[in-house]
Amino acid sequence: MTDKTTLETDMIDENNNRQQQLEQWLQQVFLDQTFSLDSLPGDASARRYHRIELSETDKSANKHYIVMDSADEQDAMLQFINVAKLMAPAVNVPTLTAQNVEKGFLVLQDFGTVEFAHLLVDATADQINDYYQLAMQTLVALQTVPVETAKSQYQLPDYDTALLDREMDLFSEWFMPYIGVALNAQVWGNLKTALMNEILRQPQVVVHRDYHSRNLMQDQADKSKLGVIDFQDAVIGSYAYDLVSLVRDAYVEWPESQISAWIEDFWQLQKQKSLTTADSAVQFENDVNVIGVQRHLKVLGIFIRLSERDGKDRYLADIPKVMRDLIIELNWLAEHGNDELKQSVIPFNQWLQEAVLPAYKEKFALA
């Protein structure tokens, strides 16, 4: 009991000290100006965010900024700054105002409080489609960033076999033990190999890697634009990855007919921008479902890890949506995929239905 109390006291002292360091630095950044600082709800990372409002400022200047506190993630902050510079000519990313990488502090443009997810609430079908068209146009603009520039000048890493494999193993290492089912190693290994072979054949672009309704903002300065945030994990990878993050978002659900229509729309947008893409809408939908399986296996593992390791249980409520998306993608590939894919997807799908889903439904109290 004493040890726990001591630990909690030390943590409070550390947080207070960190807050004092931040406020002292901000006083240097905004010299001779008074400000208020409000902490924002946390996300899945260890970073903390605050909104700063200046009390005294001239009429032409901004009054609001976002402050990133990345005490234990200086590398992530450096990558955030690096990727912001790469993406800025193509898409609307936050302007960087001040930085202290050594301390882990960053001041950046505040897009406001309206997330893409908020725009969808109570919106009409036409409005929803318009919002998604804007999000897809923004994504296509991102895909126009030259891959060679991203690699040579900004050192973006490849979404290579090792990373794809490591991410999928989050499913086997976290999700499977959580529901108490033993892994079928052969079926699992065959699926991963087939997916990676397919993914590495897909056209390669700059990938945001978490392009969804909570990482797109309506820009308060220009509501016709979306602000793009949380891009520090960007890589060079599949041209379909960010689209599946958007249309099969863990937090928003649409009819599959609507998703298929958006997938075809995006394929058309890629062609209009003269980007390298699939020869047909069906082939592109295949590629979306292939990378979708990879992403949703990863997300199932991440959400369990956030709960079990980090105490962030709120993500457990989103797991049924992710599992539904995974099943939709596997079923599509089992019916429409090429022979090589079918040889691995069909046995995995059968094992999932027979061994995994009953335990999963029992664990999550699903009918």
**OP:** Could you please spell out the steps behind the ring pair (Phe, Tyr, Trp, His ring centres under 6.0 Å) verdict for Tyr239 and Phe284?
**Re:** CA-CA 9 Å; Tyr239 72 147; Phe284 184 64; 5.2 Å; yes

**OP:** Output yes when Arg305 and Asp310 qualify as a salt bridge under the 4.0 Å nitrogen-oxygen rule, no when they do not.
**Re:** no

Original post:
Are any side-chain N or O atoms of Thr193 and backbone N or O atoms of Asn190, one a donor and one an acceptor, separated by less than 3.5 Å?
Top reply: no

Subject >> Asp210 bridged to Arg295 by N-O distance under 4.0 Å >> reply: yes

**OP:** Check the pair Asp158, Lys151 against salt bridge (charged side-chain N to carboxylate O under 4.0 Å, His left out), reporting the backbone distance first and the verdict last.
**Re:** CA-CA 8 Å; Asp158 288 321; Lys151 284 187 174 184; 3.2 Å; yes

**OP:** Over 60° means perpendicular and under 30° means parallel, so classify the ring planes of Phe175 and Tyr360, tilted if in between.
**Re:** tilted

Original post:
Between Asp126 and Thr124, is any side-chain donor less than 3.5 angstrom from a side-chain acceptor?
Top reply: no

Subject >> Lys225 atom NZ, over 12 foreign heavy atoms within 6.0 Å >> reply: no

**OP:** Identify whether the distance between the nearest side-chain nitrogen and carboxylate oxygen of Lys321 and Asp325 falls below 4.0 Å.
**Re:** yes

Original post:
Is Glu102 atom CD crowded by more than 12 heavy atoms from other residues, nucleotides or ligands, each under 6.0 Å away?
Top reply: no

**OP:** Run through Gln202, Arg201, Met196 and flag the one making a side chain to side chain contact (heavy atoms under 4.5 Å, CB included) with Val290.
**Re:** Gln202

Subject >> Glu253 and Arg324 ion-paired at < 4.0 Å >> reply: yes

Subject >> Donor on one side chain, acceptor on other, Trp254 and Asp249, under 3.5 Å >> reply: no

Original post:
Does the distance from a Lys or Arg side-chain N to an Asp or Glu carboxylate O, for Arg209 and Asp242, drop under 4.0 Å?
Top reply: no

**OP:** Taking the six-membered ring for Trp and the full ring for Phe, Tyr or His, determine whether the centres of Tyr65 and Phe35 are under 6.0 Å apart.
**Re:** no

